[in-house]
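Accompanying notes for the structure given below.
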Amino acid sequence: MKKAVYPGSFDPVTFGHLDIIKRASEMFDELIVSVLNNKAKTPLFSVEERVKILKEATKDLPNVKVDSFSGLLINYAAEHDLHIAVRGLRAITDFEYELQIAQTNKKLSHEELDTIFLTTSLEYSYLSSSSVKEIACFGGDISQCVPEFVEKLIHEKYANIDNK
Ligand code: PNS
């Protein structure tokens, strides 16, 4: 069975991530989308919320599973017998960072974890979770960036933050 992991923060998941998930799910028997629990960052959505959102957003893709992990990706991959990580590349600016992580993971895992890159579809190449949050926090329109139910959840989050 060909399996791969697509790790990320997904805070929040965007149409760019969903495009990569759909295309990667067609290349593997099983794709595990795994949310990093990064204790060094304060996310907009908790890990549990992000997992729930991803499950809803991928419910029509039967071979996509959603999970979360803490610590090093290579350890998570080894525990789950995963040898391929999928990452999306939007532009050359992503490449340097991603190349370094991919090579570090390959070295640290003693060649057990390889990374494949999918180039983001052109229509989503401008998208990032950070810009979605910035647009939403200033009341801008994010309907072209995230699914409708995610858009609602993001606006609810900012409304709660503003009321505190
Ligand atoms: O969506 P992101 O924030 O760009 O995803 C980055 C992610 C989660 C793939 C990366 O930061 C990661 O794998 N972090 C876990 C810690 C780790 O294994 N780091 C790699 C060695 S430098």
Side-chain angles (χ1 to χ4, degrees), residues 2-25 27-28 30-58 61 64-137 142 144-147 150-151 153-154 157:
K2 267 198 299 169
K3 294 195 289 183
V5 57
Y6 178 25
S9 302
F10 306 108
D11 185 41
V13 68
T14 66
F15 282 136
H17 296 126
L18 292 171
D19 168 57
I20 299 289
I21 292 173
K22 182 160 190 310
R23 286 159 56 207
S25 76
M27 295 171 187
F28 295 95
E30 188 172 289
L31 179 73
I32 296 147
V33 180
S34 204
V35 178
L36 173 67
N37 187 1
N38 187 348
K39 297 198 173 91
K41 278 192 190 169
T42 311
L44 183 62
F45 291 101
S46 69
V47 172
E48 294 73 24
E49 287 171 322
R50 281 177 273 160
V51 166
K52 202 169 158 202
I53 290 170
L54 275 162
K55 280 187 178 167
E56 175 63 25
T58 60
L61 301 171
V64 172
K65 303 251 151 60
V66 184
D67 193 16
S68 61
F69 73 105
S70 302
L72 289 178
L73 177 65
I74 54 160
N75 294 339
Y76 171 79
E79 280 158 24
H80 294 80
D81 195 26
L82 297 163
H83 301 278
I84 300 172
V86 175
R87 293 284 290 166
L89 285 179
R90 286 166 301 189
I92 195 77
T93 40
D94 283 341
F95 182 70
E96 240 176 278
Y97 169 72
E98 293 292 343
L99 181 69
Q100 191 191 11
I101 294 193
Q103 288 173 336
T104 306
N105 283 337
K106 190 157 186 186
K107 190 85 184 156
L108 279 182
S109 69
H110 305 284
E111 316 251 317
E112 286 291 325
L113 183 65
D114 222 326
T115 305
I116 65 158
F117 296 107
L118 291 184
T119 49
T120 305
S121 298
L122 269 184
E123 58 194 304
Y124 304 127
S125 60
Y126 68 97
L127 258 181
S128 75
S129 296
S130 316
S131 57
V132 167
K133 284 184 277 196
E134 186 156 327
I135 297 165
C137 120
I142 51 167
Q144 291 178 69
C145 309
V146 297
V150 181
E151 184 186 353
L153 291 171
I154 296 170
K157 274 276 173 196

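Both counts, for ligands and for their atoms, begin at 1 and track the order of listing. The first residue in the sequence is number 1, and the count goes up from there.
Salt-bridge annotation for Lys3 and Asp81: absent, with no side-chain N of the basic residue lying under 4.0 Å from a carboxylate O of the acidic one. In summary, Glu112 and Lys106 do not engage in a salt bridge, as defined by a charged side-chain N under 4.0 Å from a carboxylate O.
Relative orientation of the Tyr6 and Phe10 rings is perpendicular, given thresholds of 30° and 60° on the angle between their planes.
Residues Asp19 and Ser121 bring a donor and an acceptor atom of their side chains to less than 3.5 Å of each other.
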One pair per line, please: each N/O atom of ligand 1 matched with every protein N/O atom under 3.5 Å away, atom names first, then the distance to 0.1 Å.
| unit_1 | atom_1 | unit_2 | atom_2 | d |
| --- | --- | --- | --- | --- |
| ligand 1 | 1 (O) | Ser9 | N | 2.9 |
| ligand 1 | 3 (O) | Ser9 | OG | 2.6 |
| ligand 1 | 4 (O) | Arg87 | NH2 | 2.9 |
| ligand 1 | 5 (O) | Arg87 | NH1 | 3.3 |
| ligand 1 | 18 (O) | Leu73 | N | 2.8 |

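In this structure Lys22 satisfies the salt bridge (charged side-chain N to carboxylate O under 4.0 Å, His left out) test together with Glu26, sequence neighbours excluded.
Between the side chain of Lys133 and the backbone N or O of Ser128 there is no donor-acceptor pair closer than 3.5 Å.
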